[in-house]
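Data block below; observations after.
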Amino acid sequence: DKQSGKMTSQTAKVVLSLDAETVSLLKDGVNFKKDPENGKCYIIYKGTEGFKACRNQCKHQGGLFIKDIEDLGGRTVKCTKHNWKLNLSTMKYVNPPDSFLQDELEVEILDDGGLRLVELSPLDPWLADPREPLQLKEGEVKVTYLTHACMELQLGQRRFMFDPWLKGPAFARGWWLLHESPADALDRLCAADLIYISHMHSDHLSYPTLKVLSERRPDAPIYVGDTSRPVFWYLEQSKVQLTNINVVPFGVWQNVDEHLRFMIMMDGVHPEMDTCIIVEYKGHMILNTVDCTRPNGGRLPQNVDLMMSDFAGGASGFPMTFYGGKYSDSWKATFIKNERKKLLNYKAQLVKSLQPKIYCPFAGYFVEAHPSDRYIKETNVKNGADALNAQINNLTSDIKTWTPKPGAVLDLGLALTDPTNSEAITNPPASAKIYKDNWDFDLYVDELNRAISCEIFKHPNWIQFYYTWAGFQNYNLVVRMIETDDNFEPHPLGCDYLVDFLDLSFPTTIPDREHSYLELKNRVGVMRHVVVHGGLWDDLYIGFQNRISRDPDIYHHKFWNHFQTELPCRGPDWDKFLRVDNTFTIKVCSYL
C-alpha cells in the first residue's frame, strides 16, 4: 500500500502553555493571551463546561478580535476589520449568521493545574487530493453489522473489517457481547483484505478473537494508528502470532487500489490511544469515529455518505463501582440518567452539524452478563441506539438513520440513490438469533483465576517488585489494596496492604501526614492476572472488577492515567524476581 503523493503525517503542536497560577487567574468568559516568544495571540473562553480556545484571527480576512462591549453575556468578540462577531461558547460567527465555524484549538489540562493549547496540522487532512464521487452500482458497496463495533465493508472486490470482537469477554470478565454475531463472522474475519483496529481497549482489540485469526491466517493485513502507546503493545505477551501489523501515520491517505483509500486520524482528548478512520471508495466517504471523545480535535468532514459512532455510554467504573459518602444508589441513578442524556444530546447535535447522508450508531452493544455483576448491569443504564436515532430524526429530516441487527446489510449505492428504498437494507431472517444467552463464563474466568496460585504470590516481596516496576511515585496519595472474592469480601488467600505513592513505601499503618486516600477492593483473580502479565488497570476500572472509596472525593487523574495508559509496555520480569534471593522481606499482607 502506498501513501498519496508526498503527504507528511498530521501533527499536534503545542502553541501556548500557561502555568497553574496563570490558569487560576483566568476570568469567566473571554480572555486574551499572547505567546511571549512569538507574539501570536490566542483567545481562551472559560465557561461552565470548561475551556474553549482559538487563534485571535477572524476567518473572514484575518483581522484581530477585541472584546465586544455590546455583549453583556461576555461570550462574543468583535473583529476590528469588518465588525464580524464570534460567539466563543459555540465557536460560531453570529454576525453574519450561518457563515463560518471558528477553528478550535485543543485545550489540554495538565496534572499540575496548568494548561496547553494544541493545534492539529493540517486541520482537514482528508481534503488533500480530493476525488469526485462516481456512481455506485447496486451491490458494489455493502456494509454489514456483525456485533458491537465490528462492521464489515465490502468495497468493490475488497473486504474491510473494523474492530473485530467476536469471541470471549473484554476488560477481564466485565464486558460480554450483547449481540450474537452471524455464524460465519469468524470466517469473514479470516477472509478480510484489510482489518482496522481503532485502539487497544479489549472490546476493539480482542485477543481471543485474534487468536483464531492467527491460527488460520497469521498474515492478515491489520492497520492501526501511530499512537504513542502502541495499539499492539501486549502482542508478545499474548502469544498470539500476527505477522502483518501496519502502523500508519495520522492524517495521510493510504491508497489500497485505484478506487479505495483510507485515513486514520487521532483523537483530540486521548491522542495517546484513540483513533478514528475515514474510508473512501470511488469518492464516497465512510466516517467511523468509534470511541473518540473529540475525533480529529472536533474537526470532521461534512456530508459524508455514511457516519458511524458510539452512543451508549457506561464504559467506565464511575460511579457504579464507588461506595461511601454521597454514592448512594439514588445518587448514582440520577447521575447516570443525566450523563446519558447529555451524551445523547451531544451525539445528536454532532450528527446534525456534520449532516452525513446516513448515520448508524454502533459500538455500544456490551452487557455485564456475568452473574456476579448483576448490580452493575442493573445500575449501568445505557442509551439505546433507537433513542439516539429518534432524536436525530427530530432535529433534521435530511439524515437517514439505521439501527442494524447482527447480520443486517446496508447497500450504500441503493441508499444514496433513494433513501426511501426498502431494498437498501437487508435485515437478518426472522429466525436469526439477535441476543447472546451463552458466554462460556467458566472458560474465561477460570483462566483469570489461575493467576491466584501463581508462584510469585508466595513471596511477600511481589508487592514491592510490582509497584517498583509500575514506576509511579512522588504523588501524595496512599492507597489501600484489598484482594477480594467475587462479592468484594476479603479473599482468604488475598493480600491487604498499603502503598504510599509519595515515596513508594509500604507502611503497615496509615501515615500521619496530610494525604489523599484511596481504598480499592479488587477481585483477586483479575488483580493478580493484571499483576502477573503487566496488564493495564482498565481491566479493573472499566471492567467493573473493583470497588472504590476515596477521601477526599476527588479524581486522581495522574494516578489513574499512569495505571490505565502509561505502565511499561514490557511486563514485570517475574523470572528474575524468583531468582533473586528474597532475604529482604517487607511486612505486607498484614494491614488491617
Side-chain angles (χ1 to χ4, degrees), residues 1-17 35 37-38 40-44 52-63 86 91-93 99-108 116-133 196 198-199 223-228 246-256 260-281 283-290 292-305 307 309 350 353-356:
D1 296 357
K2 292 181 181 173
Q3 294 169 16
S4 292
K6 292 185 178 176
M7 289 171 60
T8 54
S9 174
Q10 187 184 36
T11 58
K13 180 185 172 190
V14 177
V15 293
L16 183 71
S17 295
D35 185 337
E37 289 181 19
N38 58 27
K40 288 185 177 174
C41 299
Y42 302 91
I43 308 173
I44 300 172
K52 285 177 174 272
C54 65
R55 285 183 173 275
N56 187 353
Q57 189 174 43
C58 180
K59 280 193 90 164
H60 179 220
Q61 286 188 2
L86 170 66
M91 290 294 172
K92 289 179 180 173
Y93 284 82
S99 48
F100 292 125
L101 264 177
Q102 184 76 340
D103 295 330
E104 276 190 71
L105 299 170
E106 280 302 304
V107 180
E108 281 186 11
R116 294 195 307 195
L117 303 187
V118 180
E119 184 172 55
L120 292 178
S121 178
L123 280 170
D124 308 323
W126 57 88
L127 295 180
D129 185 23
R131 294 179 180 177
E132 283 298 312
Y196 162 65
S198 60
H199 62 295
Y223 295 87
V224 297
D226 190 13
T227 47
S228 57
N246 303 273
V247 179
V248 302
F250 290 123
V252 178
W253 281 120
Q254 307 292 321
N255 290 324
V256 180
L260 176 61
R261 60 185 182 171
F262 67 92
M263 175 184 289
I264 297 177
M265 299 185 298
M266 70 178 82
D267 181 37
V269 174
H270 295 290
E272 78 287 348
M273 182 180 76
D274 268 341
T275 74
C276 58
I277 191 169
I278 301 171
V279 176
E280 188 185 74
Y281 177 78
H284 294 274
M285 282 193 185
I286 295 171
L287 169 67
N288 175 10
T289 63
V290 207
C292 286
T293 309
R294 268 179 69 80
N296 196 50
R299 181 93 172 191
L300 292 168
Q302 301 264 338
N303 308 119
V304 298
D305 296 273
M307 175 183 174
S309 78
L350 177 65
S353 70
L354 293 175
Q355 287 289 305

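The chain is numbered in sequence order, starting from 1.
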Between I44 and V107, is any pair of side-chain heavy atoms under 4.5 Å apart?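 Heavy-atom side-chain distance check fails, nothing below 4.5 Å.
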Do the non-hydrogen side-chain atoms of C276 and H199 ever get within less than 4.5 Å of each other?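 Side chain of C276 against side chain of H199, heavy atoms only: no contact under 4.5 Å found.
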Considering all heavy atoms, the nearest [X]-[Y] contact:
{"X": "P122", "Y": "P125", "result": "O-CD, 3.7 Å"}
{"X": "A12", "Y": "V118", "result": "CB-CG1, 3.8 Å"}
{"X": "K92", "Y": "L101", "result": "CG-CD2, 3.4 Å"}
{"X": "L300", "Y": "P295", "result": "CD1-CG, 3.7 Å"}
{"X": "E106", "Y": "G298", "result": "OE2-N, 4.5 Å"}

From [atom1] ([X]) to [atom2] ([Y]), nearest 0.5 Å:
{"X": "K40", "Y": "D35", "atom1": "NZ", "atom2": "CG", "value": "8.5 Å"}
{"X": "L120", "Y": "M265", "atom1": "CG", "atom2": "CE", "value": "9.5 Å"}
{"X": "N288", "Y": "I278", "atom1": "CG", "atom2": "CD1", "value": "10.5 Å"}
{"X": "T227", "Y": "F250", "atom1": "OG1", "atom2": "CZ", "value": "5.5 Å"}
{"X": "M273", "Y": "M266", "atom1": "CE", "atom2": "CE", "value": "14.0 Å"}

For [X], all residues meeting side-chain contact (heavy atoms from CB on, under 4.5 Å), sequence neighbours excluded:
{"X": "T293", "result": "D267, V269, H270"}
{"X": "S198", "result": "D163, Y196, H204, T275, V290"}
{"X": "E119", "result": "V15, R55, L105"}
{"X": "Q102", "result": "C54, K59, F65, L86, M91, Y93"}

Does [X] have any side chain to side chain donor-acceptor pair (under 3.5 Å) partners at least two apart in sequence or in another chain, and if so, which?
{"X": "Y42", "value": "none"}
{"X": "T289", "value": "none"}
{"X": "N296", "value": "Q10"}
{"X": "D124", "value": "R299"}

Quick one: does any side-chain atom of [X] pair with a main-chain N or O of [Y] as donor and acceptor, under 3.5 Å?
{"X": "W126", "Y": "M263", "result": "no"}
{"X": "D305", "Y": "M285", "result": "yes"}
{"X": "N255", "Y": "R261", "result": "no"}

Above 12 or not: heavy atoms from other molecules or residues under 6.0 Å from CD of Q302?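 Yes, CD of Q302 has more than 12 neighbouring heavy atoms, counting only those of other groups under 6.0 Å.
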Which of these passes side-chain contact (heavy atoms from CB on, under 4.5 Å) with V304: V279, L287, I286?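 Of the listed options, the one satisfying the test is L287.
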